[in-house]
Structure formats: C-alpha cells, structure tokens
Amino acid sequence: MVARFELAGHVVGIMVDRNVTKEYLDEIHQIILSKIGVHGKINLFCEIERGQNVSLKMILKDLNFKYKNSSNINKLAFVSDVAWMRSIMSFNDIILPCEIQTFDNAQRLEAMNWVSH
C-alpha cells in the first residue's frame, strides 16, 4: 500500500517508502487519477524517502503518465536527496505545462508550503 496524505482537498501527497516497481508505480498513478476524478485539477507532492531506489525506466514511465495527465496537475513538488532525480524532474518543467519545483529532504516543509498554495 502506498503511503499518502492530504494537505488540502486538492493536494495529494505521496511518500515513496520502498523501491519502485511497475506495480507500485501503477498503484501511485491510480491514487492520482482518483484525486483528479474528484477535484479535476490537483497539486501533487511526491517524496522519495532516503534509501529508496527509483530506476530511470520507472521515472520515464512516470513522466509519460504526468504528460498524459498534465492538464489536471497544477503544481508538482518533488522531494528527494538524490540529485540526478531532482535534475530529471527539473527538466520535466520544460515538457510539462504544470509548475514543478524540486527540493531536497531537508526542504520538505518548504515543499509542502509551496505545493499547498
């Protein structure tokens, strides 16, 4: 089961607390689609907890999902201590029409504040 929380009705928070497999990513996407179904447009907070592995293949699959649903995502806050993942997510800002900001784990509260407004 995916660890998640709500910051506000339209803000969904996902905590990646294990290595990301295709099945786990599909579960995360279903949570996001469910929130989109309720609110139309959402803000998304995603934190990769320390020590968790996300392969480039899973990041690209996630990018494709976000691209297909980009008209329903206003803001995306991405939190990770892994610099290459933050770099890829920053690159997504060029591809996706939503606002994207990346943060390291020490900036978690700043990320929550940003995505909530």
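The backbone N or O of Arg18 sits less than 3.5 Å from a side-chain atom of Gln52, completing a donor-acceptor pair.
Expressed to the nearest 0.5 Å, how far CD1 of Ile28 lies from CE of Met58 amounts to 11.0 Å. Atoms CD1 and OG, from Ile100 and Ser70 in turn, are 9.5 Å apart once rounded to the nearest 0.5 Å. Rounding to the nearest 0.5 Å gives a distance of 10.0 Å between CG of Leu63 and CG of Leu56. Atoms CG and NZ, from Leu44 and Lys66 in turn, are 6.0 Å apart once rounded to the nearest 0.5 Å.
Residues Ile14 and Phe45 form no side-chain contact, since every pair of their non-hydrogen atoms from C-beta on lies 4.5 Å or further apart. Side chains of Leu76 and Glu99 form no contact here, defined as non-hydrogen atoms less than 4.5 Å apart. Side-chain atoms of Ile48 and Val82, non-hydrogen and from C-beta on, never get closer than 4.5 Å to each other. Within the 4.5 Å cutoff, side-chain heavy atoms of Ile36 are placed close to those of Asn69.
Remark: Arg108 engages Glu47 in a side-chain hydrogen bond (donor to acceptor under 3.5 Å, both in side chains) (not counting sequence neighbours). Asp81 pairs by the salt bridge (Lys or Arg N to Asp or Glu O under 4.0 Å) definition with Arg50, not counting sequence neighbours. In this structure, Lys41 has no side-chain hydrogen bond (donor to acceptor under 3.5 Å, both in side chains) partners at least two apart in sequence or on a different chain. Applying the side-chain hydrogen bond (donor to acceptor under 3.5 Å, both in side chains) criterion to Lys22, with sequence neighbours excluded, gives Asp26. Shown here are the side-chain contact (heavy atoms from CB on, under 4.5 Å) partners of Ser71, two or more places apart in sequence or in another chain: there are none. Every residue two or more places apart in sequence or in another chain that forms a side-chain hydrogen bond (donor to acceptor under 3.5 Å, both in side chains) with Lys35 is listed here: Glu6.
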Next item on the list: Please lay out, stage by stage, how Ile42 and Asn74 fare under the test side chain to side chain contact (heavy atoms under 4.5 Å, CB included).
Entry: CA-CA 6 Å; Ile42 64 166; Asn74 290 318; over 6 Å; no
Item checked: Trace of the side chain to side chain contact (heavy atoms under 4.5 Å, CB included) decision for Arg86 with Asp104 -> CA-CA 8 Å; Arg86 287 195 316 269; Asp104 64 35; 3.8 Å; yes
Check: Are Val16 and Glu49 close enough, and set up right, to give a side chain to side chain contact (heavy atoms under 4.5 Å, CB included), and what steps lead you there?
Finding: CA-CA 6 Å; Val16 177; Glu49 293 183 358; over 6 Å; no
Margin query: Pair Val12, Ile31 - check side chain to side chain contact (heavy atoms under 4.5 Å, CB included), show working.
Written below: CA-CA 9 Å; Val12 63; Ile31 291 167; 4.1 Å; yes
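Residues Leu33 and Val20 fall within the same hydrophobic cluster, defined by Ile, Leu, Val, Met, Phe, Trp and Tyr side chains chained together at heavy-atom separations under 4.5 Å. The hydrophobic cluster containing Tyr67 also contains Ile32, counting ILVMFWY residues as joined when their side-chain heavy atoms lie under 4.5 angstrom apart, directly or transitively. Side-chain heavy atoms closer than 4.5 Å link hydrophobic residues (I, L, V, M, F, W, Y) into clusters, and following such links, possibly through other members, connects Phe78 to Leu60.
Residue pairs satisfying the ring pair (Phe, Tyr, Trp, His ring centres under 6.0 Å) criterion with at least one member in residues 13-44, sequence neighbours excluded, are listed as follows: His29-Phe65.
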May I have the list of side-chain donor-acceptor pairs in residues 110-117 shorter than 3.5 Å, sequence neighbours left out?
| unit_1 | atom_1 | unit_2 | atom_2 | d |
| --- | --- | --- | --- | --- |
| Asn113 | ND2 | Leu109 | O | 3.4 |
| Ser116 | OG | Met112 | O | 2.7 |
| His117 | ND1 | Asn113 | O | 2.8 |

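Residues Asn105 and Ser80 share a closest heavy-atom pair of OD1-C, 3.1 Å.
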